[in-house]
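Following: one structure in structure tokens, then a few remarks.
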Protein chains: 2
Amino acid sequence: MILSVGQNVSSKNTITVESIEKYAEITGDYNPIHFDREFAKTSIFGERIAHGMLSAGYISALIGMKLPGKGTVYLKQEINFLLPVKVGDEITTTVTIEECINSQKGIYRLRTVCVNQKDQMVVTGEAIVKWKEQK
Amino acid sequence: MILSVGQNVSSKNTITVESIEKYAEITGDYNPIHFDREFAKTSIFGERIAHGMLSAGYISALIGMKLPGKGTVYLKQEINFLLPVKVGDEITTTVTIEECINSQKGIYRLRTVCVNQKDQMVVTGEAIVKWKEQK
């Protein structure tokens, strides 16, 4: 496989109550904005939202499994949380090769975006990864 | 509560096989570096490692629950993955108020660091959050 600028992959994930609960179990993140319906009503979001880092997990999954995939070393991720993600939202995550920073070392810059079912960008950012094809 | 520069909180989490498995269930990240012992042996890490984004989850938990805590809106997170995190590692995550960017809007810059039991920094980075005390 050769990585070329513009190459991209996408995945689709639906946010469920179960995924929010499991995420909290693992990370200890029981922020009431995710769990307390009454508290969430008083927040700027008006209802319970998913952990922003859950969307970051979809990005990481695509990078590690698809593009570049096997053998990728994750060096850096920048994440902008633009809009809240809610239960029932369908999140399409796309990773695109933006730049080969150092071809000898296999360092690449990727654009990482999550869009909801209304075509609104909920998360944007970029990743830096190291990758060499494994023979 | 008033947020002041230098203020910090920490948490401690032990990486377990269970947390890695649950994280994969939620995100779909079954990258063989986390699950395939034989494949992992051939990688630069020499053994299976945890998802880097799992440590990012500890950061997010501290920010959302402790500092600033309730009412925080996560705007941005930058994460540098410096060293692999392995099963059994004890990760101490620390969030420190670095700067008040805009006191009127309640925008703050936080330093976010994860250190392992050998006192090695495994993850560094910073977050931008919006926070106002809820009365």
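Each chain gets a letter, A, B and so on, in the order its sequence line appears, and its residues count up from 1. All of these numbers come straight from a predicted model, not from anything done at the bench.
- Both B/Ile15 and B/Val17 are assigned to one and the same hydrophobic cluster, defined by single-linkage of ILVMFWY side chains at heavy-atom distances under 4.5 Å.
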Taking it one step at a time, do A/Gln77 and B/Met53 satisfy side-chain contact (heavy atoms from CB on, under 4.5 Å)? CA-CA 9 Å; A/Gln77 178 73 53; B/Met53 278 296 174; 3.6 Å; yes

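- Within a 6.0 Å radius of NZ in B/Lys86, more than 12 heavy atoms belonging to other residues, nucleotides or ligands are found.
- Note on A/Thr72, A/Leu75, A/Ile59: by heavy-atom pairs under 4.5 Å with chain B, the leading option is A/Leu75.
- Under the 4.5 Å side-chain contact rule for hydrophobic residues, B/Val113 and B/Tyr58 do not share a cluster.
- Contact check for B/Ile26 versus A/Ile26: side-chain heavy atoms found under the 4.5 Å cut-off.
- Contact check for B/Lys70 versus A/Phe39: side-chain heavy atoms found under the 4.5 Å cut-off.
- Both the sub-6.0 Å distance and the 45° axial angle are not jointly satisfied by A/Lys76 relative to the ring of B/Phe81.
- Distance check: B/Lys22 NZ to A/Lys22 NZ gives 7.0 Å after rounding to the nearest 0.5 Å.
- Atom CZ of A/Arg109 has more than 12 heavy atoms from other residues, nucleotides or ligands within 6.0 Å.
- Taking hydrophobic clusters as Ile, Leu, Val, Met, Phe, Trp and Tyr residues chained together by side-chain heavy-atom distances below 4.5 Å, A/Val115 does not share a cluster with A/Val87.
- Linking Ile, Leu, Val, Met, Phe, Trp and Tyr whenever their side-chain heavy atoms come within less than 4.5 Å puts B/Met65 and A/Phe35 in one cluster.
- With a 4.5 angstrom heavy-atom cutoff, B/Val73 touches chain A only via side-chain atoms.
- Contact between B/Ala61 and A/Gly28 at its shortest, heavy atoms only, is CB-C, 4.2 Å.
- Heavy-atom minimum distance, A/Ser60 versus B/Asp29: OG-OD2, 3.3 Å.
- Here B/Ile79 contributes atom CD1 and A/Ile128 contributes atom CD1; the two are 13.0 Å apart, rounded to the nearest 0.5 Å.
- When the side chains of ILVMFWY residues are joined at heavy-atom separations under 4.5 Å, either directly or via intervening members, B/Leu62 and B/Leu3 end up in a single hydrophobic cluster.
- For B/Ile33, no part sits under 4.5 Å from any heavy atom of chain A, backbone or side chain.
- Neither the backbone nor the side chain of B/Glu18 comes within contact range of chain A; no heavy atoms are under 4.5 Å apart.
- In this structure, the portions of B/Tyr30 lying under 4.5 Å from any heavy atom of chain A include both its backbone and its side chain.
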